[in-house]
Amino acid sequence: MRGALVACLVGAVVAVAWSAGLYRLGHDNGAAEVTSARDAQDRRAEQAAATDRALQHQLMETLAGQHARELAALNRNDGAARARISSLPGRACLDAGTVGVLNATGTSGADPLRAPALDPAGAPAAVATDRDVAEHIATCRTRYGEIASQLSAILDIEDRRHPSADPAP
């Protein structure tokens with residue numbers, strides 16, 4: 001009887017050990033499948049992010065080229081305008097008071113915008129000629145065009161990075 005009891009206990013221990021081994025093997029396989037699925041999902045996310053970065057880089061290169069062409073066109077136009085401006089007679093068209101008002105416009109007082117010291121419009125009692133006015137207008141229009149082009153490119157990049165769910169009409 002004692003032998004049968006020992007045999008029964010040994011059999012029970014072997015059965016439990018074998019069952020635990022099978023469970024562990026199945027559990028390890030399940031964990032491997034989960035890890036494999038997670039790794040595949042991570043790879044897909046990484047590939048999607050890499051594709052998105054490549055598309056953004058391509059868009060930025062395209063927009064940078066477009067901005068450079070727009071700047072070149074603005075500079076050509078500015079050069080042509082300056083050539084025409086140089087042929088103006090240079091007669092006084094704005095008195096010192098008007099020049100002072102225009103120079104003070106657009107300043108906060110703490111950081112005033114000033115005309116260069118050698119610029120007639122920068123002198124306190126100066127008058128501005130038609131040539132001075134035309135040069136300042138040409139400068140303002142050219143700089144405005146540069147900034148508008150750059151801002152447009154930045155907005156295009158941001159629109160691409162953060163597409164809205166509701167397209168603009």
Side-chain angles (χ1 to χ4, degrees), residues 30-169:
E33 289 173 11
V34 169
T35 301
S36 176
R38 210 175 285 140
D39 288 345
Q41 184 180 12
D42 289 347
R43 280 192 303 276
R44 284 192 301 273
E46 188 176 310
Q47 289 170 346
T51 300
D52 189 51
R53 283 191 303 272
L55 289 173
Q56 286 184 24
H57 183 72
Q58 182 181 10
L59 174 66
M60 286 187 275
E61 284 183 356
T62 300
L63 292 173
Q66 180 181 350
H67 179 63
R69 287 188 297 279
E70 289 176 13
L71 290 180
L74 285 168
N75 286 330
R76 279 192 306 276
N77 291 342
D78 188 52
R82 302 237 180 234
R84 288 191 306 271
I85 289 168
S86 67
S87 68
L88 292 174
R91 70 178 171 265
C93 64
L94 298 176
D95 63 15
T98 304
V99 170
V101 168
L102 292 174
N103 283 341
T105 301
T107 63
S108 65
D111 187 22
L113 299 173
R114 296 187 189 139
L118 297 176
D119 191 347
V127 296
T129 65
D130 55 355
R131 191 177 300 149
D132 297 330
V133 172
E135 285 177 356
H136 285 288
I137 290 171
T139 298
C140 288
R141 290 183 59 96
T142 300
R143 298 300 173 256
Y144 174 83
E146 291 172 0
I147 291 171
S149 172
Q150 187 175 19
L151 182 59
S152 178
I154 290 169
L155 292 174
D156 287 346
I157 291 168
E158 286 302 307
D159 286 347
R160 171 63 178 90
R161 287 180 61 207
H162 308 286
S164 66
D166 189 25

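Here, residue 1 is the first one in the sequence, and each next residue gets the next number. This is a predicted model, so every value here is computed, not measured.
- Every pair passing side-chain hydrogen bond (donor to acceptor under 3.5 Å, both in side chains) that includes a residue from residues 148-157 is listed here, sequence neighbours excluded: His67-Ser149, Glu70-Ser149.
- For the pair Asn75 (side chain) and Leu71 (backbone), a donor-acceptor distance under 3.5 Å is present.
- Every salt bridge (Lys or Arg N to Asp or Glu O under 4.0 Å) that Glu158 has, sequence neighbours left out, goes to Arg161.
- A pairwise comparison of heavy atoms in Gly145 and Leu74 identifies C-CD1, 3.4 Å as the closest pair.
- Atom CZ of Arg76 sits about 12.5 Å away from atom OG1 of Thr142, to the nearest 0.5 Å.
- Residues Thr139 and Arg82 are in side-chain contact: their nearest non-hydrogen atoms beyond the backbone lie under 4.5 Å apart.
- When all heavy atoms of Ile157 and Leu63 are compared, the closest pair comes out as CG1-CD1, 3.5 Å.
- Taking a 6.0 Å sphere around CZ of Arg141, one finds it holds 12 or fewer heavy atoms contributed by other residues, nucleotides or ligands.
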Let me check something: any side-chain donor-acceptor pairs from residues 83-94 under 3.5 Å, sequence neighbours excluded? List them with distances.
residue: Ser86; atom: OG; partner: Ala83; partner atom: O; Å: 2.7
residue: Ser87; atom: OG; partner: Arg84; partner atom: O; Å: 2.6

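- Residues Thr62 and Arg69 share a closest heavy-atom pair of O-NH2, 4.5 Å.
- The distance from atom CD1 of Ile147 to atom CD1 of Ile154, rounded to the nearest 0.5 Å, is 10.5 Å.
- Side-chain contact annotation: Asp132 with Thr129, donor-acceptor N/O pair under 3.5 Å present.
- Around atom NE2 of His57, no more than 12 heavy atoms belonging to other residues, nucleotides or ligands sit under 6.0 Å away.
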Problem set entry | salt bridge (Lys or Arg N to Asp or Glu O under 4.0 Å) between Arg44 and Asp39, worked out | CA-CA 9 Å; Arg44 284 192 301 273; Asp39 288 345; over 6 Å; no
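- A salt bridge links Glu146 with Arg143: the distance from a Lys NZ or Arg NE/NH1/NH2 to an Asp or Glu carboxylate oxygen falls below 4.0 Å.
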